[in-house]
There are 2 protein chains.
Amino acid sequence: MATGRTHRPATRSRGIPEATVARLPLYLRALTALSERSVPTVSSEELAAAAGVNSAKLRKDFSYLGSYGTRGVGYDVEYLVYQISRELGLTQDWPVVIVGIGNLGAALANYGGFASRGFRVAALIDADPAMAGKPVAGIPVRHTDELEKIIEDNGVSIGVIATPAGAAQQVCDRLVAAGVTSILNFAPTVLTVPDGVDVRKVDLSIELQILAFHEQRKAGEETASGDGAVPAKRAGAANQGPDGDVPAVMPA
Amino acid sequence: MATGRTHRPATRSRGIPEATVARLPLYLRALTALSERSVPTVSSEELAAAAGVNSAKLRKDFSYLGSYGTRGVGYDVEYLVYQISRELGLTQDWPVVIVGIGNLGAALANYGGFASRGFRVAALIDADPAMAGKPVAGIPVRHTDELEKIIEDNGVSIGVIATPAGAAQQVCDRLVAAGVTSILNFAPTVLTVPDGVDVRKVDLSIELQILAFHEQRKAGEETASGDGAVPAKRAGAANQGPDGDVPAVMPA
DNA sequence: TGATGTGAATGAGTTCACAGCC
DNA sequence: GGCTGTGAACTCATTCACATCA
């Protein structure tokens, strides 16, 4: 069952930790902003502040990519932008399809952050025949019937599911059968996929529930100061920072 | 229950790991589905499968909440639903405001998953005067000018930011100044907040970039040492040129 | 018997602190 | 002097395996 291909002693040490991968886009964004302001170099301290992490972590992260900095100076912004882009695979074109063009699907279609990072919305797909042909974000919506053909014609390997929960697994199955190997799931349901397919999920209500947990705890601490078990100190508490992401990749 | 060993440590151990907290909503959803099908009890194995985690992890997670299961039997569904809801603070009402009513804000306003879990959309707020009064998801949009008053009047402690990146920090500052202590940020920017304020972020493009990283690696492995475990349908590995290409990403 | 609950072992990720180089 | 790069220490999370108990 378990794919034991953990061994990767091949050429370079391509063992970038998942937590690091998850932060690369963050660094990339900060670097892009610097690049636009024509800042030539940046120190780990400055860049870390811009990205909302601490500098030791950032340096460690970069060390997995290689030695791209200059001691005593810092990092060359343009060079680093290129290296991170390449590492993330953003130097190539990734056609994606978005399935389920409700409010959320439309928001995704309109989201500028995709196109500017190598992602091209190859098609919008919806099950509602009334939607077919209607343009959203300048792209005509196509009917679910065409899903397989669209995937094939465009060589799509990344699919975004923004359907209601009830339809998600079925859509997922069809995407996978048609050749999609990475799925970003916005539907509040657990998707089952075959081995070799990555799923990441974004769950709006889960995020709120996590906030509610912390919020409740804050409220409780104000009054219920009597619990001896509570170490009084704000144990890792308050500021989650820009971090706080839980690895959601299910390598199945 | 002859032994007087009554387990009631629920509100004692305030040391619930963050990773566990992040999974509680997942369990809650799976349990809610079981509850709706009137399933009385469930084993850690079954529930773990439904939530997409492994059973040892689930049992460990629950052990932080207390001993709510019965050895040899499993967990009482209704009881667990209640305990987890309480732990997450969902047994109380959480008024939230959504700021920035574009496509995404509208999607959030329409998202049913909020209301069903104790979150009440107290107000929708947008900076565009033309939006004011216009109903979205049955709730009239109000102008940013009223932000502080709305927060106060409704006792809002959780705010959702769905504005463009450029406006996010300013909106954040106003929310915090008005009394909000938890923020869910959808804008692609790092927010700076004072101590004691929680920020969680959901970044659409970051998730896609992480997928792209893994997708790229898959494509590279096909040609490398063949494990054979991954059948890998011929996904659109269109752009194979790994090197030589000039950074086609980002304005330079 | 058949499940939970949990110490112990393992692994992943973060932070420290300083050697090494510009 | 200043800043990167990285072993080592440390903290947090997952998994194992089994004692425990209905």
Side-chain angles (χ1 to χ4, degrees), chain A residues 1-2 4 6 8 13 15-24 26-27 40-49 51-77 79-80 83 231 233 235-237 239-251, chain B residues 1-10 12-13 15-24 26-27 40-49 51-77 79-80 83:
Chain A
M1 55 182 282
T6 318
R8 203 77 182 99
S13 45
I16 304 182
E18 191 57 32
T20 295
V21 172
R23 280 187 295 267
L24 291 181
L26 221 55
Y27 302 143
T41 62
V42 66
S43 71
S44 64
E45 202 71 52
E46 293 165 326
L47 184 54
V53 305
N54 90 22
S55 66
K57 195 188 289 188
L58 178 143
R59 288 199 303 277
K60 178 69 96 177
D61 283 342
F62 285 178
S63 79
Y64 293 117
L65 309 184
S67 292
Y68 295 146
T70 306
R71 291 167 202 255
V73 178
Y75 300 91
D76 181 279
V77 172
Y79 187 56
L80 205 44
Q83 290 299 346
K233 311 199 322 184
N239 201 333
Q240 283 250 142
D243 189 71
D245 211 1
V246 175
V249 177
M250 316 171 184
Chain B
M1 286 159 232
T3 62
R5 182 72 186 275
T6 310
H7 292 285
R8 276 311 198 72
R12 285 291 173 263
S13 50
I16 302 182
E18 192 55 33
T20 295
V21 172
R23 280 188 296 266
L24 292 181
L26 221 56
Y27 302 143
T41 63
V42 66
S43 71
S44 64
E45 203 71 52
E46 294 165 326
L47 184 54
V53 304
N54 91 18
S55 63
K57 195 189 289 186
L58 177 143
R59 287 200 300 280
K60 179 69 96 179
D61 283 343
F62 285 179
S63 79
Y64 293 116
L65 309 185
S67 293
Y68 295 147
T70 305
R71 291 162 134 99
V73 177
Y75 300 91
D76 181 280
V77 172
Y79 187 56
L80 248 193
Q83 291 298 348

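Values below: every heavy atom of this structure, side chains too, minus hydrogens, waters and symmetry copies. Chain letters run A, B, ... following the sequence lines, proteins first, then strands; residues in each count from 1.
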*Y75(A) has a side chain; which of dT14(C), dA13(D), dG5(D) sits nearest to it?*
dG5(D)
Check the distance between [N]'s [atom2] and [X]'s [atom1] and give it to me in whole angstrom.
{"X": "Y79(B)", "N": "dT4(C)", "atom1": "OH", "atom2": "C1'", "answer": "15 Å"}
{"X": "L58(A)", "N": "dT14(C)", "atom1": "CG", "atom2": "P", "answer": "12 Å"}
{"X": "I16(A)", "N": "dT14(C)", "atom1": "CD1", "atom2": "C1'", "answer": "17 Å"}
{"X": "F62(B)", "N": "dA3(C)", "atom1": "CZ", "atom2": "P", "answer": "16 Å"}
{"X": "D61(A)", "N": "dT15(C)", "atom1": "CG", "atom2": "C1'", "answer": "12 Å"}
{"X": "L80(B)", "N": "dG5(C)", "atom1": "CG", "atom2": "C1'", "answer": "14 Å"}
{"X": "Y64(A)", "N": "dT14(C)", "atom1": "OH", "atom2": "P", "answer": "9 Å"}
{"X": "D76(B)", "N": "dA22(D)", "atom1": "CG", "atom2": "P", "answer": "17 Å"}

*Going by heavy atoms in the side chains, are L47(B) and L80(B) under 4.5 Å from each other?*
yes
*Hey, does L65(A) have a side-chain heavy atom less than 4.5 Å from the side chain of L24(A)?*
yes
*Only counting residues at least two apart or in another chain, list the ones meeting side chain to side chain donor-acceptor pair (under 3.5 Å) with T20(A).*
D61(A)
*For residues A48(B) and N54(B), report the shortest heavy-atom separation together with the two atoms involved.*
CB-C, 3.8 Å
*asked:* Please find the pair of heavy atoms, one from I16(B) and one from V21(B), that lie closest to each other, and give the distance.
replied: CG2-CG2, 3.6 Å
_Taking only side-chain N and O atoms of S44(A), does any of them lie within less than 4.0 angstrom of OP1 or OP2 on dT4(D)?_
yes
*asked:* If the condition is ring-ring contact (aromatic ring centres under 6.0 Å, His included), which residues does F62(A) pass it with, not counting sequence neighbours?
replied: Y27(A), Y75(A)
Under 3.5 Å between N/O atoms: give me all the protein pairs with nucleotides 16-22 of chain C, atom names plus distance.
residue: dG20(C); atom: N3; partner: R71(A); partner atom: NH1; Å: 3.2
residue: dC22(C); atom: O4'; partner: R71(A); partner atom: O; Å: 3.3

